Amino acid sequence: MTTTSTDRTGLMPAPEPVRFLDELGERVTPVTDDYAPPPEALLLECYRLMVIGRRFDTQATALTKQGRLAVYPSSRGQEACQVGSVLMLRPDDWFFPTYRDSVALISRGIDPVEVLTLLRGDAHCGYDTMATHTAPQCTPLSTQLVHAAGVAYGEARQGHDRVAVAFIGDGATSEGDFHEALNFAAVFKAPVVFVVQNNGWAISVPLSKQTAAPSLAYKGIGYGMVCEQVDGNDALAVLAVVGKAIERARAGGGPALIELHTYRMEAHTNADDATRYRNAEDVAAWGARDPLARLETYLRACGTLDDETAAFIAENAEDAAADLRERMNIDPQPDPGSLFDHVYATPTAQLQEQREQVLAEIAAQDDTDADVPTTDQKGC
């Protein structure tokens with residue numbers, strides 16, 4: 001039965017996740033008529049980025065096994081959540097990602113090597129946050145939500161119509177920063193959309209240990225915030241719901257909390273053994289709800305995607321993976337002086353003194369190493 005927008009009161013989310021496609025990729029009637037399906041041209045672009053994102057994810061996982069990355073948190077199975085959300089942002093809107101959102105970053109147009117800089121261990125962030133309007137990937141849980149609320153509020157105070165979107169996992173909703181960010185954003189009507197990728201697990205802790213609410217979307221009600229729950233493996237639904245929340249925030253309607261129901265198909269990271277706390281049957285069941293397969297099936301059925309286009313997109317994804325592989329196999333040349341960059345907008349005298357001291361010690365060590373005779377000089 002379809003629930004129309006007039007049947008819903010106030011801030012209540014839909015009684016079940018909003019979706020336009022079923023598990024087989026066939027169109028269904030959404031539980032509410034509050035959302036219009038996105039245009040097919042946008043869906044094709046979403047599909048393209050999802051294909052590239054999945055190939056990137058596979059390549060990054062391989063780089064980890066080869067020792068080129070220190071760690072990699074896979075987002076396989078969450079491509080519709082990540083691509084569908086950032087695709088609705090303007091280039092000058094703000095994005096606040098977590099450590100698992102690398103696919104969202106490359107979908108935003110950021111160089112994949114710069115995206116992986118943090119996970120390789122070269123620097124805390126490899127891309128220009130101001131130029132990309134994208135915050136560094138956040139490892140501490142929920143802290144980026146406070147930043148997003150503040151930036152969004154600041155943009156509004158300056159008269160700009162920019163919006164901020166902040167990603168968060170289901171486990172991070174238990175953190176105090178989650179409460180602080182949502183409460184501030186709601187009170188001051190900051191133009192920010194909080195997107196919860198509910199993938200079922202906070203490392204080894206299941207959702208049932210995080211909340212007793214019917215869904216995480218209901219948490220928005222207590223803050224007086226518009227909230228919604230969505231089938232996060234349905235790209236059409238993600239684009240429609242997140243897109244509407246973004247435009248509502250841009251128009252001065254205040255923040256929103258969107259819960260995307262999805263699943264973490266891989267382990268938490270390469271350092272985790274997920275078989276110790278979840279069973280293969282659940283993983284297989286979610287594998288059958290694959291967001292990429294669902295979207296491809298739909299696009300083929302409506303004639304938007306054919307074999308030639310699909311092959312072209314897949315080839316581009318392979319080319320991107322090969323380029324990433326080649327560039328990641330080049331050893332980085334770290335600059336010790338960069339430790340002191342970006343600490344202050346204008347370096348203090350003390351910071352400059354520390355920088356010169358460190359560089360002098362390195363130079364002295366280099367001179368010492370140069371004076372040590374080599375094996376040939378010793379006559380051995």
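FYI, side chains are in, hydrogens and waters are out, and symmetry mates aren't considered; it's all heavy atoms of this structure. Given the structure is predicted, the values throughout are model-derived calculations rather than measurements.
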Less than 4.5 Å apart, side chain to side chain, heavy atoms only: is that true for [X] and [Y]?
X: Y72; Y: S102; result: yes
X: T134; Y: W94; result: no
X: M328; Y: Q66; result: no
X: D93; Y: H133; result: no
X: L44; Y: R48; result: no
X: Q137; Y: V115; result: yes
X: K219; Y: T211; result: yes
X: V230; Y: H261; result: no

Minimum heavy-atom distance [X]-[Y], with the two atoms named:
X: Q82; Y: A104; answer: OE1-N, 3.0 Å
X: Y298; Y: G25; answer: CB-O, 3.4 Å
X: P97; Y: L105; answer: CG-CD2, 3.9 Å
X: R108; Y: F95; answer: NE-CB, 3.7 Å
X: E228; Y: A14; answer: OE1-N, 2.7 Å

Could you go through V83 and V238, starting from their C-alpha distance and side-chain angles, then the distance that decides it, and tell me whether this counts as side-chain contact (heavy atoms from CB on, under 4.5 Å)? CA-CA 9 Å; V83 176; V238 174; over 6 Å; no
Take atom [atom1] of [X] as the centre, draw a 6.0 Å sphere, and report whether it contains more than 12 heavy atoms from other residues, nucleotides or ligands.
X: H160; atom1: NE2; result: yes
X: F312; atom1: CZ; result: no
X: E247; atom1: CD; result: yes
X: E326; atom1: CD; result: no

Is the ring centre of Y153 less than 6.0 Å from the ring centre of F184? yes
Assess the residue pair N233 and T262 against the criterion (side-chain hydrogen bond (donor to acceptor under 3.5 Å, both in side chains)); give the C-alpha distance rounded to whole Å, side-chain angles, the decisive distance to 0.1 Å, and a yes or no. CA-CA 6 Å; N233 284 16; T262 185; 2.8 Å; yes
Judged by atom type as modelled, is there a donor-acceptor pair below 3.5 Å linking the side chain of [X] to the main-chain atoms of [Y]?
X: R19; Y: A237; result: no
X: E266; Y: G77; result: no
X: S142; Y: A172; result: yes

Measure the OG1-CD distance between T139 and Q144 for me, rounded to the nearest 0.5 Å. 9.5 Å
Rounded to the nearest 0.5 Å, the CG atom of N329 sits from the CZ atom of R68 at a distance of 4.5 Å
With a 4.0 Å cut-off on N to O distance, would you call D272 and R264 a salt bridge? yes
Should D231 and R294 count as an ion pair when the cut-off is N to O under 4.0 Å? yes
For the pair N198 and E259, evaluate side-chain hydrogen bond (donor to acceptor under 3.5 Å, both in side chains) and give the outcome as yes or no after the intermediate values. CA-CA 7 Å; N198 178 4; E259 177 188 15; 2.8 Å; yes
Should L21 and R27 be marked as a side-chain contact (heavy atoms from CB on, under 4.5 Å) after you check the CA-CA gap, both sets of side-chain angles, and the distance that decides it? CA-CA 5 Å; L21 300 179; R27 275 296 301 268; 3.7 Å; yes
Test log, rule salt bridge (charged side-chain N to carboxylate O under 4.0 Å, His left out), inputs K209 and D170: CA-CA 11 Å; K209 299 292 185 181; D170 47 289; over 6 Å; no
Is there a donor in the side chain of D341 and an acceptor in the side chain of S338, or the other way round, less than 3.5 Å apart? no
With no hydrogens and no angle check, do the side chains of S74 and D57 hold a donor and an acceptor under 3.5 Å apart? yes
Parallel, tilted or perpendicular, judged at 30° and 60°: which one describes the rings of [X] and [Y]?
X: H147; Y: F96; answer: tilted
X: H268; Y: Y99; answer: perpendicular
X: Y223; Y: F178; answer: perpendicular

Before you tell me yes or no, could you show the steps for L324 and V113 under side-chain contact (heavy atoms from CB on, under 4.5 Å), namely the whole-Å CA-CA distance, both residues' side-chain angles and the distance that decides it to 0.1 Å? CA-CA 7 Å; L324 173 63; V113 173; 3.9 Å; yes
One pair to check against side-chain hydrogen bond (donor to acceptor under 3.5 Å, both in side chains): N199 and Q78. What are the steps and the verdict? CA-CA 8 Å; N199 63 18; Q78 298 179 220; 3.0 Å; yes
Worked verdict on D282 versus Y263 for side-chain contact (heavy atoms from CB on, under 4.5 Å): CA-CA 10 Å; D282 288 344; Y263 196 76; 4.0 Å; yes
